[in-house]
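Below is one structure, written out as structure tokens; the observations come after it.
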Amino acid sequence: MPELPEVELMCRALHRWCAGRELLGLDVLDEKLLPAQDLRGQRVSRVERRAKLALLFIDAQVLVLHFRMTGGVCALPSPEARPPHARLRLRLGGPGSSGEGPPAVALVDPRRFATARLLPEEELPALLAGFGPEPWPEPRDGAWWAARLAGLRGPLKPALLHQERVAGIGNILASECLFLARIDPRTPVPSLQPAQWEAFAAVVGPFIDAVLEAEQRSFDDESGIAYVNTGGPNPFAVYGREGQPCPRCGAPLQRIVQAGRGTWLCEGCVGSI
DNA sequence: AGGACTGTTCCGCG
DNA sequence: GCGCGGAACAGTCC
């Protein structure tokens with residue numbers, strides 16, 4: 001479920017697994033993803049997140065992974081292991097900067113929406129310039145959010161998904177944070193009051209921290225496919241819960257569609273539009 | 001069988 | 001420029 005927190009966790013995992021290690025091979029298991037590459041002997045220096053991208057720095061190049069809807073990463077028990085839906089595999093040699101790591105890692109993606117590209121490091125700034133600034137971990141206040149979305153006229157919730165304004169907010173994060181801030185997702189951006197911007201700003205950082213902490217557990221077990229919400233109960237307050245009672249007031253939660261995407265809200269908890 | 005889905009891009013229309 | 005709907009991508013899970 002890759003939004004900002006999930007991509008952050010995947011990047012941390014990739015960094016632990018790969019940083020400082022030699023590449024023994026880059027296996028393109030789905031040729032739709034990337035042309036075959038020979039990167040043997042090159043070294044993964046580090047892995048960083050920017051927006052919803054994972055950036056693997058390999059010598060003078062960067063392998064840029066975009067997980068889209070269903071992409072994920074996992075550590076493999078053997079160099080030739082091929083878990084279901086594996087699309088790209090990195091075989092690794094030598095101990096990493098955090099000790100022994102797995103013999104290989106893979107990008108897995110059942111739906112095959114994920115993308116990968118390899119580009120010279122000097123081309124990275126131009127790619128990243130297309131994304132807005134990060135809403136986390138640096139604290140952002142209400143004025144920052146208002147300025148980032150200034151000029152947009154439509155409803156707030158779809159506006160939050162504009163990656164060129166603010167990078168990393170996804171459909172779940174948007175619904176959940178608006179619920180926590182008691183803001184109606186249909187409110188036009190120009191109608192937001194300063195107090196509402198502040199309420200929203202106050203909610204985002206702690207919510208991302210909470211998701212990271214909750215999902216950290218699924219990454220702590222690095223023995224198999226260790227990524228994203230594999231089964232388990234829906235951990236969210238409103239997402240995917242239409243018809244269920246609002247955790248705050250008990251009224252049935254609503255699902256509406258905005259810009260073609262589901263939005264979940266409690267009509268009893270939001271102020272007037 | 002049919003619909004919905006955590007992301008993004010493209011097109012056409014207004 | 002903005003925003004929407006729709007389609008496309010491709011697969012799984014109700």
Side-chain angles (χ1 to χ4, degrees), chain A residues 1-11 29-34 49-54 64-73 83-88 107-117 127-128 130-132 135-136 148-180 185-192 204 207-208 210-212 214-215 218-219 225 227-244 253-265:
Chain A
M1 57 188 324
E3 295 188 19
L4 188 156
E6 294 80 20
V7 178
E8 175 70 21
L9 287 172
M10 291 194 270
C11 288
L29 306 174
D30 179 354
E31 83 264 6
K32 170 196 169 184
L33 199 58
L34 197 70
R49 180 192 62 81
R50 169 76 171 102
K52 295 171 190 169
L53 306 175
V64 180
L65 304 181
H66 194 169
F67 301 104
R68 300 277 189 126
M69 297 282 265
T70 50
V73 296
H85 313 301
R87 307 297 174 193
L88 189 66
L107 167 68
V108 295
D109 182 26
R111 232 169 136 183
R112 303 177 70 206
F113 285 177
T115 62
R117 28 188 315 202
L127 175 69
L128 300 184
F131 294 93
W136 176 95
R148 291 312 308 166
L149 301 188
L152 298 177
R153 302 189 301 259
L156 176 56
K157 189 266 187 171
L160 291 170
L161 305 181
H162 286 224
Q163 302 297 301
E164 79 281 6
R165 298 303 190 105
V166 175
I169 305 298
N171 207 34
I172 296 179
L173 221 44
S175 274
E176 293 290 314
C177 288
L178 289 174
F179 169 76
L180 292 172
R186 296 163 291 196
T187 311
V189 171
S191 302
L192 263 285
V204 175
F207 181 71
I208 291 175
V211 173
L212 283 171
E215 294 184 348
S218 64
F219 279 85
I225 295 187
Y227 74 109
V228 293
N229 267 351
T230 49
N234 173 0
F236 300 107
V238 295
Y239 171 81
R241 294 192 183 278
E242 60 270 28
Q244 297 179 31
L253 296 170
Q254 311 287 312
R255 176 187 181 274
I256 62 174
V257 175
Q258 296 180 289
R261 316 274 325 262
T263 298
W264 289 263
L265 69 146

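A, B, ... follow the sequence lines: proteins, then strands. Residue 1 opens every chain.
When all heavy atoms of Glu176(A) and Val238(A) are compared, the pair lying nearest together is OE2-N, 2.9 Å. Between Leu173(A) and Pro5(A) the shortest heavy-atom distance is CD2-CD, 4.2 Å.
Between Ile256(A) atom CD1 and dG5(C) atom P the separation is 11 Å, expressed in whole Å. Rounded to whole Å, atom P of dC5(B) lies 18 Å from atom CG of Asp109(A). One can place CD1 of Ile172(A) at 9 Å from C1' of dC5(B), the figure rounded to the nearest angstrom. A straight line from CZ of Arg241(A) to C1' of dA4(B) spans 17 Å, rounded to a whole angstrom. Rounded to whole angstrom, the span from the CG atom of Asn234(A) across to the C1' atom of dC14(C) amounts to 14 Å. Atom CZ of Arg68(A) and atom P of dA8(C) are 16 Å apart (whole Å). The nearest whole Å value for the distance from the CE atom in Met69(A) to the P atom in dT8(B) is 10 Å. Put simply, CG on Asn171(A) is 11 Å from P on dT8(B), counting in whole angstrom units.
Side-chain nitrogen and oxygen atoms of Arg112(A) include none within less than 4.0 Å of the OP1 or OP2 phosphate oxygen of dC9(C). Distances shorter than 4.0 Å separate none of the side-chain N or O atoms of Lys32(A) from OP1 or OP2 on dC9(C). Between Gln163(A) and dT8(B), a side-chain N or O to OP1/OP2 separation shorter than 4.0 Å is present. Taking side-chain N and O atoms only, Arg165(A) has a distance below 4.0 Å to OP1 or OP2 of dC2(C). Taking side-chain N and O atoms only, Arg261(A) has a distance below 4.0 Å to OP1 or OP2 of dG7(B). OP1 or OP2 of dT12(C) lies within a sub-4.0 Å distance of a side-chain N or O belonging to His85(A).
Of the candidates dC4(C), dT9(B), dG3(C), the closest approach to any side-chain atom of Pro155(A) belongs to dC4(C). Side chain of Ala259(A), nearest nucleotide from dC4(C), dT12(C), dG7(B): dC4(C). Here dG3(C) is the nucleotide among dC5(B), dG7(B), dG3(C) with the atom lying nearest to any side-chain atom of His162(A).
Taking the nucleotide of DNA chain B with the nearest heavy atom to each of Arg153(A) and Gly260(A), the more 5' of the two is matched to Gly260(A). DNA chain B is contacted by both Phe131(A) and Arg255(A); Arg255(A) maps to the nucleotide lying nearer its 5′ end (nearest heavy atom per residue).
One distance of note links CD of Gln258(A) with CG of Leu156(A); it measures 8.5 Å at 0.5 Å rounding.
Aromatic stacking is marked for Phe113(A) over dG7(B), as both cut-offs hold: 5.5 Å for the centres and 30° for the planes.
As judged by a 4.0 angstrom heavy-atom cut-off over every strand, Leu161(A) is placed among residues making no nucleic acid contact.
dC9(C) and dA1(B) have their C1' atoms separated by 22 Å, given to the nearest Å.
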